[in-house]
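What follows is a single structure, written as structure tokens, with notes after it.
Both counts, for ligands and for their atoms, begin at 1 and track the order of listing. FYI, the numbering just counts along the sequence from 1.
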Amino acid sequence: MAKIQMKTPLVEMDGDEMTRVLWKMIKDTLILPYVDLKSEYYDLGLPHRDETNDQVTIDSAMATKKYGVAVKCATITPNAARMPEYGLKEMWKSPNGTIRALLDGTVFRAPILVEGINPYIPGWKKPITIARHAYGDVYKNTEMTVPAGCKAELVVTDSEGNETRQLIHDFATSGIIQGLHNIDASIESFARACMNYALDQKQDLWFATKDTISKKYDHRFKDIFAEIYEAEYKEKFEAAGIEYFYTLIDDAVARVIRSEGGYIWACKNYDGDVMSDMVATAFGSLSMMTSVLVSPDGVYEYEAAHGTVQRHYYKYLKGERTSTNPVATIFAWSGAFRKRGELDGLPELCAYADKLERATIQTIEEGVMSGDLAALSTIPGKKAVSTEEFMAAIGERLDALMA
Ligand code: NAP
Ligand code: MG
């Protein structure tokens with residue numbers, strides 16, 4: 001069988017620990033037999049990030065800007081314990097943070113649904129994708145404790161030194177204050193990334209804030225979204241048959257629970273932090289969450305939402321049996337191939353991506369799965385297999401679909 005040809009390379013970002021092991025297995029078993037893989041390879045494994053003083057992370061982000069589509073393996077974000085483990089020169093920053101900042105991107109997280117793994121909310125039939133604004137608010141706050149008898153004010157000084165003041169509170173007794181900010185340009189990028197992704201996925205977009213209480217701050221988010229929608233997206237949304245829907249955050253939370261899923265939920269930074277953990281847990285398993293970073297100018301980086309599965313890696317190094325779930329990493333690859341195929345007009349590459357996903361889901365629905373899924377699945381006769389066996393079982397089904 002002739003291998004599927006590609007036109008433009010994918011930006012391939014390799015990573016760390018057990019997911020690095022999965023990465024190679026996925027390429028060897030599920031990709032290279034079928035696709036004449038064109039990729040520009042960047043090794044974001046921690047040893048190579050350290051060797052290059054993290055330049056490789058920056059280079060990989062620039063390559064993503066150039067080519068438009070990347071696929072990324074999970075990577076270690078170093079902490080104190082990693083310094084001696086890897087003999088690091090510095091406690092390098094999170095690669096995801098670096099890449100997100102360079103691409104000015106928004107992260108969309110969506111669960112992979114399979115039969116037998118039932119969401120805790122029985123009405124949820126389709127994925128709910130959460131988009132989290134990744135700049136500002138409480139994550140860039142300034143806070144103070146305030147002793148009794150103090151007056152706290154907001155002071156804005158313009159370039160000529162003129163001050164505008166507003167009383168926050170006259171503290172008769174002691175208390176606390178917090179200063180938050182956001183930037184119009186960042187909110188605009190977020191709005192465009194969400195609207196582009198909604199068009200890409202042909203799904204409705206929901207957005208919610210607390211604008212009834214926060215009449216300037218949250219209202220600004222609401223207004224920017226509305227202005228950008230009216231000026232740039234309304235016609236495209238109508239042509240695609242999708243809707244932009246704004247409501248209050250409390251109403252949104254209630255509607256999400258009652259919904260059947262199948263839309264994108266754009267969240268302010270804190271709401272996205274909290275709600276993505278809730279939605280991920282309610283759908284069943286973190287190892288079944290995909291993640292895609294989308295920039296406002298339409299650059300895509302696909303990855304799994306989970307980390308490097310360190311505990312499994314140490315077992316693997318000792319030669320012990322592991323049962324690690326490769327599904328979200330496989331879907332990162334399939335997402336990237338599908339996008340590359342769409343951009344380059346390669347229907348065969350898109351069809352391969354669909355089959356890779358179908359083979360993976362079919363394997364689980366036929367009862368063959370990793371231990372984390374077997375613990376959740378209601379499929380009769382389910383079998384928890386090793387990492388290698390799971391990969392081989394997916395490979396067999398893919399082979400049949402590709403024949
Ligand atoms: P983790 O790698 O997500 O794993 C936490 C636990 O979740 C695992 O020990 C395992 O539970 C379960 N799990 C996660 N993914 C799984 C999979 N694919 N198959 C089976 N079980 C899975 O999180 P972590 O251990 O907190 O972090 C490890 C490293 O990953 C850290 O260095 C962190 O910086 C990095 N990280 C990277 C990213 C990223 O690159 N996007 C994201 C998060 C974390 P059991 O042990 O109970 O089996
Ligand atoms: Mg969180």
Does the protein place any heavy atom closer than 4.0 Å to [atom]?
| atom | result |
| --- | --- |
| atom 5 (C) of ligand 1 | no |
| atom 12 (C) of ligand 1 | no |
| atom 26 (O) of ligand 1 | no |
| atom 15 (N) of ligand 1 | yes |

Considering the options Ile117, Ile379, Val368, which one meets the side chain to side chain contact (heavy atoms under 4.5 Å, CB included) requirement together with Leu373?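 With Leu373 as partner, side chain to side chain contact (heavy atoms under 4.5 Å, CB included) holds for just one option, Ile117.
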
What protein heavy atom sits nearest [atom], and how far off is it?
| atom | answer |
| --- | --- |
| atom 40 (O) of ligand 1 | Thr75 N, 2.9 Å |
| atom 38 (C) of ligand 1 | Gly307 CA, 3.7 Å |
| atom 34 (O) of ligand 1 | Thr77 N, 2.9 Å |
| atom 18 (N) of ligand 1 | Asn325 O, 2.8 Å |

State the atoms of ligand 1, each with its element, that fall below the 4.0 Å cut-off from a heavy-atom position in [X].
| X | value |
| --- | --- |
| Ala74 | 40 (O) |
| Lys72 | 40 (O) |
| Ser287 | 16 (C), 17 (C), 18 (N) |

Could you check whether any side-chain N or O of [X] sits under 3.5 Å from a backbone N or O of [Y], counting only pairs where one atom can act as donor and the other as acceptor?
| X | Y | result |
| --- | --- | --- |
| Glu365 | Glu115 | yes |
| Arg49 | Leu44 | yes |
| Trp333 | Trp23 | no |
| Ser39 | Glu12 | no |

Run down the list [options] and name the one with the heavy atom closest to [atom].
| atom | options | value |
| --- | --- | --- |
| atom 32 (O) of ligand 1 | Arg82, Gln310, Glu17, Met13 | Arg82 |
| atom 9 (O) of ligand 1 | Glu303, Arg311, His306 | Arg311 |
| atom 22 (C) of ligand 1 | Val309, Val327, Thr308, Asn96 | Val309 |

Can you tell me if Met18 contacts ligand 1 (heavy atom of the residue under 4.0 Å from the ligand)?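 False for this residue.
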
Taking the six-membered ring of Phe221 as reference, does the NZ or CZ atom of Lys268 fall below 6.0 Å from its centre and within a 45° cone about the axis?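 Yes, Lys268 sits over the ring of Phe221.
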
Cation-pi check, Lys234 onto Tyr229 ring (under 6.0 Å, within 45° of axis):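 No, Lys234 does not lie over the aromatic ring of Tyr229.
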
Does an N or O from His312, backbone or side chain, lie closer than 3.5 Å to an N or O of ligand 1?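 Among all N and O atoms of His312, at least one is under 3.5 Å from an N or O of ligand 1.
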
For Phe207 together with Phe225, are the ring centres under 6.0 Å from each other?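 When the ring centroids of Phe225 and Phe207 are compared, they turn out to be within the sub-6.0 Å range.
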
For Tyr233 together with Tyr244, are the ring centres under 6.0 Å from each other?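 For Tyr244 and Tyr233, the ring centres are not under 6.0 Å apart.
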
Looking at CZ of Phe283 and CD1 of Ile121, how far apart are the two atoms once the value is rounded to the nearest 0.5 Å?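 Rounded to the nearest 0.5 Å, the CZ-CD1 separation comes to 9.0 Å.
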
